**Q** 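Starting off with a structure, shown below.
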Amino acid sequence: MIPFVDLKAQYVSIKSEADAAIQGILNSCQFTLGSEVHAFEEEFAAYSQATHGIGVNTGTSALHLALLAAGVGRGDEVITVPFTFVATVSAIDYTRATPVFVDIDPQTFTLDATALEAAITDKTKAIIPVHLYGQPADMDPILEIAKRHGLVVIEDACQAHGAEYKGRRVGGMSDMTCFSFYPGKNLGAYGEAGMVVTDNPEFARTIRMLRDWGAEKKYHHVLKGYNFRMEGIQGAVLRVKLRRLETWTEARRTAAAHYDRLLAGSGIATPKAMPYARHVYHIYAIRTNHRQAWQDALLGQGIQSGVHYPTPVHLLPAFADLGYSVGRFPHSEQAAKEVLSLPMFAELTAAQCEEVARALRYLATEIAPAPALANAT
Ligand SMILES: Cc1ncc(COP(=O)(O)O)c(C=O)c1O
């Protein structure tokens, strides 16, 4: 069996340190926030080349609070992509602002900056580029357009810990950057966790209050806030894991390079890593017109795969009220039909990559030859 992700393999590799970190919290009883969370905030902000880190309970809360700190609320519009995990759009919805979509670039699965300006209105307040699958969006044109229109940029880096854009780490480029530490992420907690990083002390101060009931100091609530605090155990475990993140990221990149090489010439469309990017391969997604058949056949050989994501957000029933219909964002809709995520985790071996690639090459030639797709190799 080749799993899609193997959280157990990673735990086994750090067991003594992870167990000690958890025991430390049991000993100190700093179950929520506390010194481990504080230290992790400083370490992860520094890793992400930002000044401030504010630990919260999920990546969704990170996005929600970043939007609130930017002053986003009812009557405002926030631009993002429809080809993302639903949480990006839910966070906008929580603020009562209206999500406005821009299609993706079909090569990179990230916001098409050439389509951005046409979506800006006098109600637009912020832009959320999503660094989907671990590859940063093309940030320079997005930042330039945002600056010209006086818009806040909040990066959804929930899949992009340690990714780089033109040599800069994701985290220090825009107004605020949001991360998820959901267990399956490149840096995953043992439960739920998230963080906003920023260079702006005012945004940091506001988010720090909002995550803790809007309190400036104990029982002095100056804002209507939330209970979005990060747990002590998550901070302690994430500190242990952060020390390995670079090694794990390089292992992912090596596995991705294996897949690239093994699938070259097969006609299968493999991910396109842009020259400006350090892609951290949270997801390695190929494209196929025969996804269900391929998924079933792979599973028959003991190979798990995933689909991220089968329906773009503008076509989800939950967001029908936005009034979009089929055909509005063709690149997102096409990607949602074709993407297939292969097993990807730091402990994936070269032999496992070979087994997956062998199975795929067989499918591509024998079962259902894929018509040429945009980035087929
Ligand atoms: C792109 C993206 N945005 C937002 C989120 C939300 O993060 P969380 O699950 O920690 O709330 C996730 C992960 O689940 C994600 O992949």
Side-chain angles (χ1 to χ4, degrees), residues 4-5 7 37 40 44 48 53-68 78-95 99 101-102 104 108-111 126-137 139 153-163 170-171 174 176-197 207 210-211 226-231 233-235 237-238 241 252 279-285 306-314 316 318-319 332 335-336 339 341 344-345:
F4 178 65
V5 285
L7 298 184
V37 169
F40 176 62
F44 189 74
S48 303
I54 307 98
V56 291
N57 59 337
T58 64
T60 309
S61 298
L63 289 162
H64 181 185
L65 296 190
L67 286 162
L68 291 178
V78 178
I79 296 174
T80 192
V81 284
F83 192 56
T84 181
F85 181 57
V86 67
T88 317
V89 185
S90 292
I92 300 168
D93 187 64
Y94 297 161
T95 70
F101 296 119
V102 166
I104 53 165
T108 61
F109 303 109
T110 57
L111 192 147
I127 304 167
I128 308 184
V130 181
H131 303 324
L132 201 76
Y133 299 164
Q135 171 152 256
M139 289 302 292
V153 177
I154 299 168
E155 290 164 77
D156 182 338
C158 287
Q159 303 187 359
H161 319 70
V170 161
S174 64
M176 288 171 270
T177 305
C178 301
F179 293 91
S180 164
F181 305 115
Y182 179 76
K185 297 291 198 250
N186 289 24
L187 181 61
Y190 287 166
E192 306 273 357
M195 191 178 289
V196 184
V197 304
I207 294 168
L210 286 173
R211 75 164 170 190
Y226 303 81
N227 177 357
F228 285 170
R229 297 174 296 236
M230 185 188 277
E231 292 183 343
I233 284 177
Q234 309 313 338
V237 166
L238 287 164
K241 290 191 168 198
R252 283 176 181 272
H279 195 323
V280 296
Y281 294 100
H282 174 57
I283 300 283
Y284 184 100
V307 175
H308 302 88
Y309 298 92
T311 310
V313 179
H314 70 289
L316 285 174
F319 288 97
S332 294
V339 288
S341 313
M344 175 51 73
F345 46 94

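Numbering of ligands and ligand atoms starts at 1, following listing order. Computed over heavy atoms, backbone and side chain alike; hydrogens, waters and symmetry mates excluded. Since we're looking at a predicted model, the values are computed, not measured.
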**Q** With distance as the sole test, does Lys241 use its side chain to make a donor-acceptor pair with the main-chain N or O of Ala189 at under 3.5 Å?
**A** no
**Q** Is there at least one pair of N or O atoms, one from Cys158 and one from ligand 1, spaced under 3.5 Å apart?
**A**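 The answer is no, given that Cys158 and ligand 1 share no N or O pair closer than 3.5 Å.
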**Q** Would you say Gln234's side chain and Tyr190's backbone share a donor-acceptor pair under 3.5 angstrom?
**A**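 It does hold such a pair.
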**Q** Could you check whether His308 and Tyr133 have their ring centres less than 6.0 Å apart?
**A**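 Judged by ring-centre distance (under 6.0 Å), Tyr133 and His308 do not meet the cut-off.
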**Q** Pairs of nitrogen or oxygen atoms closer than 3.5 Å, one from Ser180 and one from ligand 1: do any exist?
**A** yes
**Q** How far apart are the closest heavy atoms of Thr110 and Leu132, and which atoms are they?
**A**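 Reported closest heavy-atom pair: CG2-N, 3.9 Å.
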**Q** Enumerate the atoms of ligand 1 whose separation from the nearest heavy atom of Thr58 is less than 4.0 angstrom.
**A**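 Listed by number with element: 10 (O), 11 (O).
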**Q** According to the interplanar angle, ranging from 0 to 90°, do the rings of Phe181 and Phe40 count as parallel (below 30°), tilted (30 to 60°) or perpendicular (above 60°)?
**A** perpendicular
**Q** Give the atom numbers and elements of ligand 1 that come within less than 4.0 Å of a heavy atom of Gly59.
**A**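 Ligand 1 atoms under the 4.0 Å threshold to Gly59: 7 (O), 8 (P), 10 (O), 11 (O).
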**Q** Between Met139 and Val153, does a side chain to side chain contact (heavy atoms under 4.5 Å, CB included) hold up when you go through it step by step?
**A** CA-CA 10 Å; Met139 289 302 292; Val153 177; 4.0 Å; yes
**Q** I'd like to know whether the aromatic ring centres of Phe85 and Tyr182 sit less than 6.0 Å apart in this structure.
**A**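 No: the rings miss the under 6.0 Å criterion.
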**Q** Heavy-atom contacts under 4.0 Å between Asp156 and ligand 1: side chain, backbone, both, or neither?
**A**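 Only the side chain of Asp156 comes within reach of ligand 1.
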**Q** Below the 3.5 angstrom mark, is there an N/O of Lys185, backbone or side chain, next to an N/O of ligand 1?
**A** yes
**Q** Which atoms of ligand 1 sit under 4.0 Å from any heavy atom of Thr60?
**A**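 So the atoms of ligand 1 that pass are 6 (C), 7 (O), 8 (P), 11 (O).
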**Q** Can you name the atoms of ligand 1, numbered from 1 with element, that are less than 4.0 Å from a heavy atom of Ala87?
**A**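 The list of qualifying atoms is 4 (C), 5 (C), 6 (C).
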**Q** As an exercise, identify every atom of ligand 1 less than 4.0 angstrom from a heavy atom of Thr88.
**A** 3 (N)
**Q** May I ask you to check whether Gln159 has an N/O atom sitting below 3.5 Å from an N/O atom of ligand 1?
**A** yes
